[in-house]
Structure formats: C-alpha cells, structure tokens
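Below is one structure, written out as structure tokens, with a few remarks after it.
Each chain gets a letter, A, B and so on, in the order the sequences are listed, and its residues count up from 1.
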Amino acid sequence: MKKKLLSVLLASAMALSMAACGGAPAGGDSNNGGNTQQDSNGGSADANVQDDGGDASGGDVALDGSYPAETVKIGLVGYDNTSEQQMAIQEYLDYLSEKFNIEVMYSENLADAEGELNFISDCAAAGCKAVIGYYNEALSEAAKTAADYGMYYWGGFGGNKDEVEAAKTTCGEYYLGGYTLGEADYEGGRSLALALAEQGCEKVVFCSGGASFGVTQFVERKEGFLAGVEEAKANGVNMEVVKEVEGWPGTDSFTADQTAVMGMEVDAIASSFDVAMWFQPVMEAGKAESVKLAAIGEVSDTYHDFFNSGLVSVIVYDNEEVVFGNAIPLILNAVSGNKLVDADGNGFQYEVQRWTITTPEEFNAVYDLHDSGNWVVTAEDIAELLVDLNPDANADTFKTFYGSFGIESVMQ
Amino acid sequence: MANEKELLFEARKLTKHFGPTVALDEVDFKVYRGEITGLIGENGSGKSTITSIAAGMQPATGGEMFFEGKPHRPSTMIEGARLGIGMIVQEQGTVSGITIAENIFAGEEERFRVGPFISRGKMNAEAKRVLEDIGFTGADPSAYIDTLDMQSRKLVEIAKTVYNKPEMLVVDETTTALSQHGREIIYNIMRKMKENNKAVVFISHDLQELIDICDTLTVLRDGKLITTLDKERMDEATIKKYMVGREMKGDYYRADYGTKISDETVLKVDRVTSGSGMLMNFSMEVHKGEILGIGGLSHCGMHELGKVLFGEEKLLTGSVTHVASGDKIENTQSAMKHGFGYVSKNRDTESLVLTASIQDNIISASYDRIAPNFVMTGSSVRKFVDEQVESLSIKCAGVQQDVQFLSGGNKQKVVFGKWIGRDCDILILDCPTRGVDIGVKAAMYQLIDQMRKDNKTIIMISEELPELIGMSDRLIILKDGAAAGEFKRSETLDENSIIEVMI
Amino acid sequence: MKKILKNTGMTIAIPAIVYVFFLVVCSLRGVKGFGVGDDFATIIYTTLYTGLIALAMSYNLTCGRFDFSVGSTIVLAAIVGGNITKENHLSAFAMLLVIVAIAAVLGLISGLAYVLLKIPPMVVSIGITMVYEACGLLFNRAKGVKMIGNSALIFSRPPYSVLIVAAALAVLIFLYNFTKFGYQWKMLRSGQKIAVDIGVNEKLNAVLCYVIAGVLLGLAACMYLSKFGTVAPEIGLSSSSYFMSAFLPLFIGGAIEKYSDKNVGVLMGAFAQAIITSGFAKLGLGSSLQTVLNGVIVMAFLVYTSNSYKIGLHRMYKEKRSRALAAAK
Amino acid sequence: MSEAKKKVTAAVGGFGRYAPVIGLVLVIVVFSALTGGGLLSVVNLQNMANQVIVTALVAIGAVFVYGVGNFDMSLGGAVLLSAVLGAMAAVRSGSIFLALAVCLAVSALLALIKGLFSAYIEVPFFIFTIVLGSVISSVVLVIMGSETTVYLKDAVKPVPSFDFTQMTIINVICLLGYFAVCLFLFNYTPVGSKVRMMGGNRISAKQSGINDKKMQVLTFLISSVGIALAAFILIIRTRTIGSQTAGSTGTDVMIALVLGGMPISGGPKSKISAGLVGALIVTVLNSGLTMIGLSTGVIQIVRGIVFIIVVLVASFSYRGRLLPR
C-alpha cells in the first residue's frame, strides 16, 4: 500500500510545481537579467576600411573574450552532429567564443519538431539568451517557443517569407530575423543544376537524400535542382536527370542504385548532401575523368584533393561564416540592448550570397584561408557591427557587410 | 547363504530433508558387485532419493556414502558418472535439434579428437556400435533425434549411460514407459552387467519384473528401510505385506464406510481420446457428492484425464458433459463457469505463480467473485485472502510474501485456498498430497472429507494406493489408457486386489 | 548419393525460386538486364555483406540472445580501425587484421558484460550499444573515418570479398560441425538445462559466440568501408538499422539447416534477400515501398517458422484419432 | 534454494522495489548540484513537465503490455502513425477533436493487429514488433507521399492554438488523468492482478481461468490510449508532424521502463509507477546532462552506463543458475 501512496504523492507534487510555475514566464522576461546597458568607454571607433582579415584595429575593447561582461549562452539547433556543414559552423563558433564572451550549446541529433522544441526549452533552462535555428522543422512555432521562454530567436526559416512575418507577429522583439538566399534550399539545388549545365553536362544523376523521407530541406533542394534542369533545357543544353538515387549510403537499395549508375553512361552525379560516398565507386569504375561530381557541400579537406584532381567540379557552398555567422552580431547587439531593427522596428530578413565554386582556384582560396587559421569574417569584422563597440553600426551596415560577400570578394 | 560378494556401494545413516518433510530417515543400504539389487516402495518412500544422491543429482542432508570403499560425495551427475555410477531416469534426458550420435556423446566429444578436428565419422561409427551393443539397431546415428519417437529416444539415453561403462547402473522406473521390446533391451543390459561382476540397482513398481530379475529386493516405506528380501523370500504377497505395512490409523483417512452415494450423475465422460498421453475411448460417470478415486501407474493416462475434465487437454474423440446444464466442457473458462476446480500434479509450474504474492495467487481464480462490479477494493481482497489463510492455517510472513519462499505443504495449501475460495462444486485433484509431509497430509485429508460433507463432488487422481483406498467412495483403476477395474469403498478393500489390476 | 542431391537441391531452392520469380516479373514488366552484369555484382556484395551480419547474429539469436549492438560494433570497429590504417598507412591485409581484432575485442566485452552481469541479453546489449555508438562519435571528434581512394580498400570487389567470406564460412563450418564448441552450442540451443546439468560450460560458450560474432562484424566493417570509403558515426541507437535486413536470412537459414549446414543456409538466405532487394530496385519500387514489402516477407516467414511444429502435431493427432475410432468399432 | 539464499533474495527484492524512486531522487539531487540549482529552476521544471509527457504516457500504457511478457519495440511507430493521421485529419477538418478521435482509432486498430499476431498467431512477439516498427515508418512515408510534412497552419479552418500555460494544463490533465485511470486499473481491478499473473507464469494463469488471448488484446488497447494521447499532444504542441516524428520514443520508453524498475520479462514485480517514475528519471537525466553542457557523445555514454547499473540493481531479485535468455 505504501508503494502506491508514494507514486500518487510524487505525481501530485509534480503537478503542483507545474501549475505553480505555469503562469510565470509568458509575460515578463524577468529571468533573462534585462539588458545590462554596457556603456562602451567613449571614443567611437574609427570606421575601419572594409579589409577582411585586418588586424584588431576595431574598438579599443580587447577581443579576448572579456566582452560582453556577462557570458552570453547561445543554443544551436542542429540536425546531424556528424554533417560537414554543422561541424564547420561549430569550428567557426569555437573561434568566436575565444574572441567574445559567448558559450554555444549544441543539440543532439534532432529528428522531429518535438525534439526541436524540447531542445529550445532545455536551452532556456540552461540560461541561454538566444537560439540559432540552424535546423528548423517547426518553422515559426520554434521562434514562438523561444520567445515564450524570453530568448531571442535567429532563423530565416529557409527564406520562407510568410513564416518570417508569422514569427514577427508571434515573437515581437524576440525575433532577430534571419538570412535569405531567396528560397535557400531551393536556390541551392537550382544553382547546382545551372553550374553543371554550364560545364556542358547532359546526362545527370541526382541523389535526393532525405527527400523521399519527407525531410523539407532535401525536398526543396530536389525541386530546385529539377527546376534548374528545366531552365537549362530552355536555353539550349539538353540536360536530363537519368536516375534519381534515394536515401542514404549503407542501405541495400542505395548500394543497388549506385551500381546501376556505374553501369550507365553518365556525365555528372549531383548530390543534395555530400558526394564523398561516390569517390570510391567512381574511381573503381575507372570513370574519374568522364564523370563530374557536384554537391551542396563544404570547403573541407574531404573535397580538397578531389576538387583539385578535377573529379569534383561544382560545390554549392554556404560559407558558414557569412550565412550562419551573422547570427552572432545580431544576438550580441540584442542582448546588449541595442537590437538591430529594420524600418518597422522588427527583426529583418537580409540577403546573403551563396557561393558556387566551379574552379580549383576559388576552392583553394577559401581552403587555404581556413587552413592558415584565419577567417573570411573575423572577430574584428564582427566587432565593427556591434553598436557597443562601434556606435554608428546599424541594420544597414550589417546588411551591406554581409550582403557583399560573394566568392569574388574572397578572391581579392 | 548370500555368498560373500564384494561390497561396491554402501550408504550409512543416509538422511535427506526437503524443508520440513523427511524424505530419507537414516537409511543403511548396501549394493554388491555381480548382483541386481531391487528397490521398491510407494511414491515418496525415498527410493529415487537414495539413487539420485548416489549419482550426484542432489546432495544428502546427513550420513555418508562409500563407493569401492572410498568416501563418496559426488556434487554433479558428471562427477558421479566419472566415479562409475550411471543413472537412467524417467524424465526425457535427450536434447532435440541434434543428432543421435551427438546426444550419446554429449559432453564427451574430446574422445573423437583427431588433431584439431572432432571427427564426425568416428563419432557416428562409435555411436552405431554403442546402439548395436544394447540391441537397438533401428536408427541411423547421424539422423536428428527428433525423428525418433519417445521410446527410441529413451533407448538412446540408455545407450549413452551404458557406454560410460558404469560400475553401478541405476534404472529408476524406466521400464514402465517402454514397450516390451524396450524392456527386453534393459533386461539384457542388466544381465550383462551382472555377468561382468558389476552392480545394478533396479527400481520398479512391477513386482513380477522385480521377482524375475533381481537377486535381492529392498523395501522402503516413508523414508525408512523396512527389510531386504533375498531371492527365495521374494514373492508378491510378502513384498506387498512389507510395502503396505502401515496400519490404517482411524483418523488419518476417512473413518466412515457405507455412506450412500447419490445416483444423480454430475459429469459424463463419453468415449474420450486425449491429444497427448495414453487415454483412448475412455468413458465414465461421476456422481454428485462422491469422492471418485482414480489410480494406476504414472503413465496410465490418469493425469491426462484430469486435464481433459478441466478442458485443458485437446479432445480427439468423445466429449465431457456437465450433466446439470447439458453443456460440453471445451476449455478452462467453460469448466470454471460450471464450478470446476483443478489442482495440477506439477504444482510449481502449473498451479502456482512462484514469483507472485500469496494474495495474488489465491485471488487469481476468483476475480468475478471478489470484484463483481469490476472494482476490486483492497478490503474485499484482504477479507477473501485472510479467510483462506486462516481456515487453512497457511504459515507465512504475510499475504504479500512471494509463494516461492513457502514450504511445500504451505504452497499446496495456497493452491487449495485458491479453489476453495472460489467455492467450486466439482474439484479435480491430481496428486493433491504429493511432496507434502505427513502432518499436512492429514490436514488435507480432513479438508477433502469436509468438502465431501459440504456436498461437493471430488475426483482424486493419485499414485498412492493407501490414499485412494482411504478416501474414495468409488475407485477406478486405469491401465494403458483404459479402465482396468472399479472398486467400491469397503473396509476389506486392500492394495493387493488393486495392484492385481493395476500392473 | 540421392540424399546429397536432395540436400543440395533443398539448400539452393529458396534463392533459385526467388531469382526465377524476379526474372519472370522483370521480363513481364519489360525491364531488361535483371541479375546480370553490374546487378549481379551488387547482389554478390549485398549477399556477402548482409550474410556476414546475419551469420554474426545467428550464433546468438538462435540461443535466445538478441544482440542490439551489431550495428554499433561495425561502426566503431570501422572508425577506429580505419583511422589507425590511415595514420600508419597500413596495407589492406593489415587493415583487415586491425579492424577484425578490434571488433573481436568489442564482441568479447559485450559477451563478458552479458555473462558477468547475468542480465537478459536484450537489455545489456542496449546499454552496450549506447556506449559503443558514443565512443564512435567521440573518436576522431565525430568525423568518423574518411579513407577515400586509400589503397587498402579492396574488400568490396569480388576476388577479395568472396575470399574473406569463403574463408570465414570455412572456419565457421569447421567450428560448427567439428569442434567441441560447435557440439556444445547446438546442445545449448535447445537443451539449455540438460546441457548445463551434463557439465557444459555455458558461460564460455556464450562469450565465444560473441567473439565469433565480433570477428564476422569486423569483416563486414571492412567490406562496408571498402564499398563507401567513409563511415559516419551513428547516435541515438540508430545503428539498429544495420541489422534490419538480417532477419530474413536468419529465418531462411533456420529452415535450410536440416538440408545442409546452418552457416550455408544463412548465406543462402542472404543471397535470396539480395536478389529480392535488387529485384525491387530494378522494378523501380520506391525505397519505402521496398521496406514495407521486405517487412511483410519477414513476417510471413516468422509466422511459418513459429507455427511449423503444429503440422507434425496435427498429423500425430489425426493418426491417433483414426486409431481410437478403429478401436471403438 | 538454500535457506540463506532465500533470505538474501527476499531482502534485495524488497530493496529492488524502492530502487527506482531512490534512483529518481538521486538523479535529481546529483544534477541540481551539478547545474547549481538550475535543474529545479522554475523554467526547467516546466520544461521537463513538457518533455516528460510523451514518454510517460506511452510508458504507463506499456506497463500493461510488458507486464504480460510481451516486449513491444513498435511503440514509436504507433505514436508516429497516430500522429500523422491525426494531423491529417486536423488539417482537413480544422477540429482538434476529430484529430483526437482519429489518433484513438488508429492506435486502437494497431493494438488489435498486435493482439491478433501475439495471441492468435503466436509469433515471437519481440522480433515481430521490430519488423512492424520499420514497416509502419515506411507505410507513413507511402501515406504522406509528396506532402512530406503536415503543418497545422495550412488547415482548412484555423486550428486553435494553445499558449504556454494552456499547454501545460493540458499536459497535466492528460498525464495525471491517464496515470490515475491506469493506477486504478492496475491496482484496484482484476486487470492488474491478471497482468502480473500472466507475466509470472502463463500456464498457471491460464489454469486459473485467466483468458490469456483476451487479456493480451486488452493490454494492447489500454496502451493504445496512452499512445493516442501522446500523439495528440505532439500534434497540438509542435503543430508540425513529419515522417521522423517520435523517432526515438520507442527506445526512450523502454529505457524509462527499465529505469522505473519494471522487470523486462514482466511478471509479478511489474508496477504501474515504473512508467511514470521511469519517464521522470529519463527526462531529468537528459535535461540535466544537456544543461551541464556535455557533448552528445559523453551524454550517451553516461546514459548507457546509468542504464546498465540500474538494470543490474533491479535484476538482483532473480538470479537463476542458467543464463537468462
């Protein structure tokens, strides 16, 4: 009898605590410590010339992790901890957390909206001030949950206009805005197809990855790719998708399709996720020269030698510093009380460029930069965009700065 | 004039307790080389206990054993076999899914090692020789043992024991389950062992068999050694006299005789053949308020009859009809609906859930009674269970205690409590007092008699003749699946006339 | 002689029937080139790869021990072994040894965990899977292993792949039929109590099963690594996807065992599974539809194997009933 | 078993019964220390309340299924199928009540299928559910076809959305309501006792008149209510149901049951509190580990080791000579 009493007692205790604190967080943002007005110690920093990689000539605050005074904890919602892009972002944010007093928490592999919302509420519990929606399944609902917990939310919902509007209404001041590459994933797929068309590839194989499993990111990339193929056909290149390979490597059906492709006359293999698992079969089939590989991928050592050897001809690359790194200045500004807002006073959507790398020189330019340990967007550049450190920083300087980055700018 | 044979095995003051029950009470037992020593006694007399302790199947509680003059205390069957004691038991000892040869040489594979290999060919050849040795030529040793029927599987087991060339071979009631051909094989083995100056301990119910084969016959009763008869004094009458011996204590069983049984039939069994076991075209009727005893050797089909009556056994032909309602009993639910109750022979695996509490076990047959409107309040459960625990005086540390921690007698009381609580009209009891000490047995008998007085019908299946004689109004004896004889309750009824029919 | 013919006939029956079935369906649907050329190469690879995993599982599953950590052992062995090979530029054969050794040790650990903790195998293997997957993630900072173009990756192509599986099969047939371990394993499978009473050391036998499974999984890891050149760590028990396709071969192997040898039976099952997958791919069925059909086939086999004893029982009942009726006349 | 051994097993068995609650308190104390009180902060308490819901609902229902000895690995699949079809119904009709009805109907249908296979066709239930799980997730993909994800916002009529407090209240009502019903069924009606007996020894349960076929179907139906509620809450809380929804629920529930002290093969030691206590332990464990900011790999190692330790403690009460299968 004691046992049953105990479990009923336990359940009611939990219910009481939930009901008690049920009402608290909705309204005020009592527990995120308000916005400590960090008054920068006078002397506006001289607007430094837009030279990337310049030394720390920004504001006179040393970028050694002491600013801002109170550590800003940030939660990053990620889909797959082992994906190249997410690891690249992690590396960049590690670099920034040495320069600024920020601490980034990464989610476990998330499979569904519920997991995403749970992680966001975990971040709140861990005292995060903001959430970076790198992976987003629940669209504006994720932003709303962050706002409910009094946390800022950064995320462009893949460029989906009405989602951004929805987020603005539901979250008000907590929505920081997000990048748009037009329809991010859709554009990614399209530029992949167009780049291959330019290189005169006609018979193309497309790996649709999670499209057949209903993962939105991959579905849009597939639609974009097919649209790109139609566009290429319209202006003269009779390009056609000869085979679609679904799913992930390791399953029997993927292996079967892969062998079938090796048996076909193919000009190029394009993949909506990384293309590394094709190197081995293509080389074994001795088609390294005849078949070009293209992917929405990363500038990383995996592709380095194969890009230079010509096996990989196209990489559609979202530079993690430009596309995702811009969350940091937005967050730091918001936390320090001078949130960057557009005309109507809300978080805003801003254009960013996606880099389509088609030549080894372009690839090596970015690769060597990273290899030598510095970055396209350095901490000093970010310091420029912080109102605390540079009073005349505002939404427009932010937009022009990040909007200007294309592959060419890196080449100078 | 027993010639002075060499003493092979001796047990001095061998005792064995199973909790409160005394299975062996300081027994001195000798086995000589070149002799077949018979052992006889009713179930629970301790004959299987002695031999299983000697073979190493279970440890003794007290006393010592000597084998070939050396102190003997085997901890496992393999150790016993290595020391030279082979044992053939009743239960199935072969492993299905592997070949006959693999069964014979189970655990002995090293014998056929040729370099890294264990040569299958050599093993099969040797197995063929072993089978021929005991005259069983019908099987190919490389075939799967599942292809053989029960009889032949037992012969394979015998071949395996003989192959280990034991100094002393124990045959424990194996002949009852075998056909005539199988029995011949065992008899030859025993004679050959005797010729090679080895020893055999032969346990059986079949008096005639014992008389033909054994040189000496030891009679056991209630864990005590009564006497040892040599060849001359071995005849059925004297054996039975010693076997029975127990004076019919008045208050032990039912005292009344000649009570009138109502001729209203409660249950009609019509030409029933059961799926398993030996039961074939069996018919009988059960009258209201009588104790119907059912006896016979352990494989005569009586246990399957118990399951048939309770709807547990698949019927190939015929039917069991509950006369009052005219319904046929197809499954346990319909049986219980008509007020049937069933106490199974293997209590721990079929009548009880050992890891569950006493309370859960007792209420497990009477949910409809305790919770008519689906709600089962703690108080109604407690009342129901306490009533049974008190009336049966079950010794326990509380109703929440696991049944596994109770003694044999108390476990049996819990089973009885389960069915008495349900207030069944017709109770099927299969070996109700098996493995229970004398004190609890007496209580059980009072209880059964009391139920009879409460006008309940009881069908008691038992392997113990004294119990059947003492308790039942009518007694049916089964042999090889068919009714071999029926006896009415009377003072003069004794075991001899029953055994006549039974064996 | 006749018996041998019957046995070999029955052994190859299932894969043959499946092959013919798909040949017919493909030709009806006008799909050319089923099971020829490259398709056949894939069928061979999938047969050997799934066969190795099914063989590894068969030694534990038939003894009632479901091992959840099959997938995580493959991943961890491939990642650790692959990186060691890459750093020290080992030869293909050396890589094989390293990966198989690591997998064998992993098998030993999960075997000892089961035997020493005496917890139901299903439960302990889930704990083990979590730990192995996490180690795979932490090793090389979640980058897994990338050995693309490395000269050691030769085990997915016929001469080598067939060689290592043939060698494994030979060893298994030897172990299964001619060693003490094999005899005792067969006894423990259906007669656990009797075997232990007789004195068979069940603990040693169980641990050996896990080590053998480890070795086989090591071979499978080499084949996977050679095929794709890269292995990413799995997390959150998702490594269970590796053994999904092993069920059908296990059941078919169980059915074929009487006619030849369990290990050959399991490989035949894997061969049938590979043909089915290749057939589906050829007919252009979507991958989700394939999983559904595969699942249905496995369920059908499940129902057959678990109820096949009833046929024998039924025959016995019928025979006894006729005997009873005859006696009653 | 020798006298001494019996006493030891009884004592450890007794301790075993309270181990889960002690485990829960221990986990709470350890992690609130490690997170400097953060674990029990107002925000985190309510965050955990939301996270415990799905696992707890399914785990409480699963106590019945595991209790009779059926090891069900397709719980995640069942939640997924109910959630997807429920969401589709919500989108087409705009009413959340229809969504709840569809969830209940779908999971009840699945329960009947499982009951059919486990009681009447007698297949090795454990392997059957693993295959069933993978088939369900593929069937969902076939059903969803091109739609890939169901968003409540494109519903015909705007589906009522719930703000934070309302959501928490709904969670509490569903969880405590379902827990109370299951507590009543398990401890105050014959159902619980029948489940315990069947799990302990199916032959003797059958011989006591317990209809094992009907009971198995009943346990699946009770568990299907928990699954339907979990699916419903998923729909109204996340308003987005994709094909990967409830991917990890199956294993989370099993871990929760084991941590809650539920014997894996069911039987008399099964307790309804195992579902709730276990789910709380898992949620506190996950939340605590995330808050300390460990990397994903380390979190899973800790979880794996805690899992094995708790199972070891719980398994002290049955120590046979033969290796468990």
Side-chain angles (χ1 to χ4, degrees), chain C residues 61 63-66 113-115 117-124 126-139 141-142 188 192-193 196 202-203 206 233 235-238 240-241 243-244 247 250-251 286-296 298-299 302-303 305-307 310, chain D residues 71 73 117 121-128 130-145 243 247-248 250-252 254-255 257-258 263-265 295-316 318-325:
Chain C
L61 195 58
C63 287
R65 299 187 290 261
F66 188 86
Y114 161 60
V115 164
L117 300 181
K118 275 202 162 184
I119 314 172
M122 169 72 209
V123 175
V124 80
I126 287 176
I128 296 277
T129 310
M130 284 196 223
V131 173
Y132 282 2
E133 279 182 353
C135 297
L137 192 71
L138 293 176
F139 190 86
R141 280 181 43 255
L188 281 165
Q192 185 184 18
K193 190 171 179 328
V196 170
E202 183 182 23
K203 286 202 172 98
I235 202 73
L237 294 184
S238 55
S240 55
S241 58
F243 56 72
M244 277 309 166
F247 285 124
L250 277 172
F251 294 127
S287 76
S288 44
L289 202 56
Q290 278 184 33
T291 330
V292 172
L293 291 175
N294 246 330
V296 167
V298 171
M299 276 191 212
L302 208 56
V303 170
T305 38
S306 56
N307 292 311
K310 286 181 182 156
Chain D
F71 198 92
M73 288 291 284
F117 269 89
I121 302 179
E122 285 156 24
V123 281
F125 188 70
F126 166 71
I127 296 178
F128 169 75
I130 290 184
V131 177
L132 182 69
S134 69
V135 165
I136 289 177
S137 42
S138 318
V139 162
V140 160
L141 289 174
V142 171
I143 294 171
M144 293 173 83
S243 61
S248 63
T251 32
D252 284 352
M254 192 167 53
I255 294 167
L257 283 174
V258 167
I264 276 297
S265 51
S295 76
T296 350
V298 174
I299 287 180
Q300 179 146 336
I301 284 194
V302 169
R303 214 184 278 146
I305 292 168
V306 164
F307 178 79
I308 292 184
I309 292 169
V310 168
V311 162
L312 183 63
V313 168
S315 74
F316 264 128
Y318 47 87
R319 274 273 190 242
R321 201 163 50 83
L322 301 177
L323 287 175
R325 288 202 161 180

Just how far is it from atom [atom1] of [X] to atom [atom2] of [Y], taken to the nearest 0.5 Å?
X: Leu117(C); Y: Ile309(D); atom1: CG; atom2: CD1; result: 10.0 Å
X: Met299(C); Y: Ile121(D); atom1: CE; atom2: CD1; result: 10.5 Å
X: Leu61(C); Y: Ile127(D); atom1: CG; atom2: CD1; result: 4.5 Å
X: Ile126(C); Y: Met254(D); atom1: CD1; atom2: CE; result: 3.0 Å

[X], part contacting chain D, at a heavy-atom distance under 4.5 Å:
X: Leu188(C); value: both
X: Leu138(C); value: side chain
X: Val298(C); value: side chain
X: Ala113(C); value: neither
X: Phe139(C); value: neither
X: Phe66(C); value: side chain

Residue pair [X] / [Y]: nearest heavy atoms and the distance that separates them:
X: Ile301(D); Y: Ala134(C); result: CG1-CB, 3.1 Å
X: Val135(D); Y: Gly295(C); result: CG2-CA, 3.5 Å
X: Gln300(D); Y: Met130(C); result: NE2-CA, 3.2 Å
X: Ser138(D); Y: Val292(C); result: CB-CG2, 3.4 Å

Subject >> chain C contact via Val298(D) - which portion, at a heavy-atom distance below 4.5 Å >> reply: both
**OP:** Against chain C, label Leu132(D) side chain, backbone, both or neither, depending on which of its atoms sit under 4.5 Å from a heavy atom there.
**Re:**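 Backbone plus side chain of Leu132(D), per the 4.5 Å heavy-atom cut-off to chain C.
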**OP:** For residues Phe307(D) and Val123(C), determine if any side-chain heavy atom of one lies less than 4.5 Å from a side-chain heavy atom of the other.
**Re:**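 Yes, their side chains come closer than 4.5 Å.
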Original post:
Using a cut-off of under 4.5 Å for heavy-atom pairs, which of Phe71(D), Phe126(D), Phe117(D) has the most such pairs with chain C?
Top reply: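 Most pairs with chain C among the choices: Phe126(D).
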